[in-house]
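Step one of this worksheet: look at the structure below.
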Amino acid sequence: MIKLILQVLAAGAGTIGFSLLFGVPSLYYPYCGLIGGIGWLVYLCLLPGSSATIATFCATVVVILLSRWFAVRKRCPATLFLISGIFPLVPGAGIYWAAYYTVSNQLQMALETGYGAVKVAVAIVLGIVFVFELPEKWFHKWNKKNNK
């Protein structure tokens, strides 16, 4: 349980660091960190019972839903939260290992890790597309209901 909490906090801190790198206004750092941490929490909770691809897709959907909701609530672009919030889910290690195995002439391992990284990347893209197809007025209505 403590390991899970530490991982979620680390994901939130990493997301804030990534927000700083991309020039997000400091006013939005806590929201970016919260979105990244929640996305990573969803991923970790779903991972034991499903594949990394499915867990990443579901976590991406949560990250994008929260990004769009905070964008309406804070009256700023959703990409402000999306770019930094998706950071913990990006398959950087898979891409690294695929390149490493390729250079070290372990082509079977390179194919396996590369294919896994591509599946995760496609899951992220599909999650983003899926949520961005939802009408923006839904988020405005949801925000109005929560403000009453």
Side-chain angles (χ1 to χ4, degrees), residues 1-102 110 112-148:
M1 182 64 162
I2 293 195
K3 184 178 177 182
L4 179 79
I5 293 169
L6 287 175
Q7 283 191 30
V8 170
L9 290 174
T15 303
I16 291 171
F18 207 65
S19 301
L20 180 89
L21 184 68
F22 274 95
V24 173
S26 59
L27 168 70
Y28 302 119
Y29 290 167
Y31 306 109
C32 292
L34 180 68
I35 290 169
I38 290 173
W40 189 247
L41 178 64
V42 169
Y43 174 79
L44 289 176
C45 289
L46 293 176
L47 194 56
S50 65
S51 69
T53 306
I54 299 297
T56 302
F57 174 79
C58 295
T60 299
V61 167
V62 169
V63 166
I64 307 310
L65 283 170
L66 288 171
S67 296
R68 290 197 65 191
W69 185 72
F70 275 115
V72 168
R73 192 164 174 83
K74 298 297 174 187
R75 294 187 174 111
C76 63
T79 53
L80 207 71
F81 304 112
L82 162 67
I83 292 173
S84 55
I86 208 76
F87 168 71
L89 302 174
V90 173
I95 294 168
Y96 169 82
W97 284 111
Y100 172 79
Y101 290 135
T102 301
E112 288 176 23
T113 55
Y115 183 63
V118 168
K119 288 193 310 185
V120 169
V122 169
I124 290 171
V125 169
L126 290 176
I128 292 170
V129 169
F130 176 73
V131 176
F132 268 107
E133 288 300 315
L134 299 175
E136 189 172 340
K137 64 182 176 182
W138 289 5
F139 294 92
H140 287 284
K141 287 181 181 178
W142 188 30
N143 192 34
K144 287 178 185 175
K145 286 180 184 177
N146 289 336
N147 284 338
K148 287 183 180 179

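Note that the CZ atom of Phe18 and the SG atom of Cys32 stand 11.0 Å from one another [nearest 0.5 Å]. Expressed to the nearest 0.5 Å, how far OG1 of Thr15 lies from CG of Leu34 amounts to 10.0 Å. Atom OG of residue Ser19 and atom CD1 of residue Ile83 lie 10.0 Å apart, to the nearest 0.5 angstrom. Summarising the geometry, atom CD1 belonging to Ile128 is positioned 5.0 Å from atom CD1 belonging to Ile86; distances are rounded to the nearest 0.5 Å. Interatomic distance, CD1 of Ile35 versus OG of Ser84, reported as 7.0 Å (0.5 Å rounding). Rounding to the nearest 0.5 Å places CD1 of Ile16 at 12.0 Å from CZ of Phe87.
Annotation: side chain of Leu46 is not in contact with side chain of Thr56 (no heavy-atom distance under 4.5 Å). Between Ile38 and Val63, the closest side-chain pair of non-hydrogen atoms is not below 4.5 Å. Residues Leu80 and Pro25 are in side-chain contact: their nearest non-hydrogen atoms beyond the backbone lie under 4.5 Å apart. Counting heavy atoms from C-beta outward, Phe81 and Leu66 have side chains that stay 4.5 Å or more apart.
Ser51 places a side-chain N or O within donor-acceptor distance of the main-chain N or O of Ile54, the cut-off being under 3.5 Å.
Within 6.0 Å of OH in Tyr31 there are 12 or fewer heavy atoms belonging to other residues, nucleotides or ligands. Within a 6.0 Å radius of CZ in Phe132, other residues, nucleotides and ligands contribute more than 12 heavy atoms.
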Quiz prompt | Criterion side chain to side chain contact (heavy atoms under 4.5 Å, CB included) on Leu126 and Thr60, from CA distance to verdict | solution = CA-CA 9 Å; Leu126 290 176; Thr60 299; over 6 Å; no

Exercise. Could you walk me through whether Val122 and Val118 pass side chain to side chain contact (heavy atoms under 4.5 Å, CB included), step by step?
Key: CA-CA 6 Å; Val122 169; Val118 168; 4.3 Å; yes

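Contact between Ala11 and Gly36 at its shortest, heavy atoms only, is CB-O, 4.2 Å. Minimum interatomic distance between Val24 and Tyr29 (heavy atoms only, all atoms of both residues): O-CE2, 3.2 Å. What you find for Tyr43 and Leu89 is that their closest heavy atoms are CB-CD2, 3.9 Å. Between Ser67 and Ala78 the shortest heavy-atom distance is CB-O, 3.9 Å.
For the side chain to side chain contact (heavy atoms under 4.5 Å, CB included) test, residues two or more places apart in sequence or in another chain that qualify with Leu134 are Leu65, Arg68, Val131, Trp138, Phe139.
Checking Tyr28 against Lys74 by side-chain atom types alone, no donor-acceptor pair falls below 3.5 Å.
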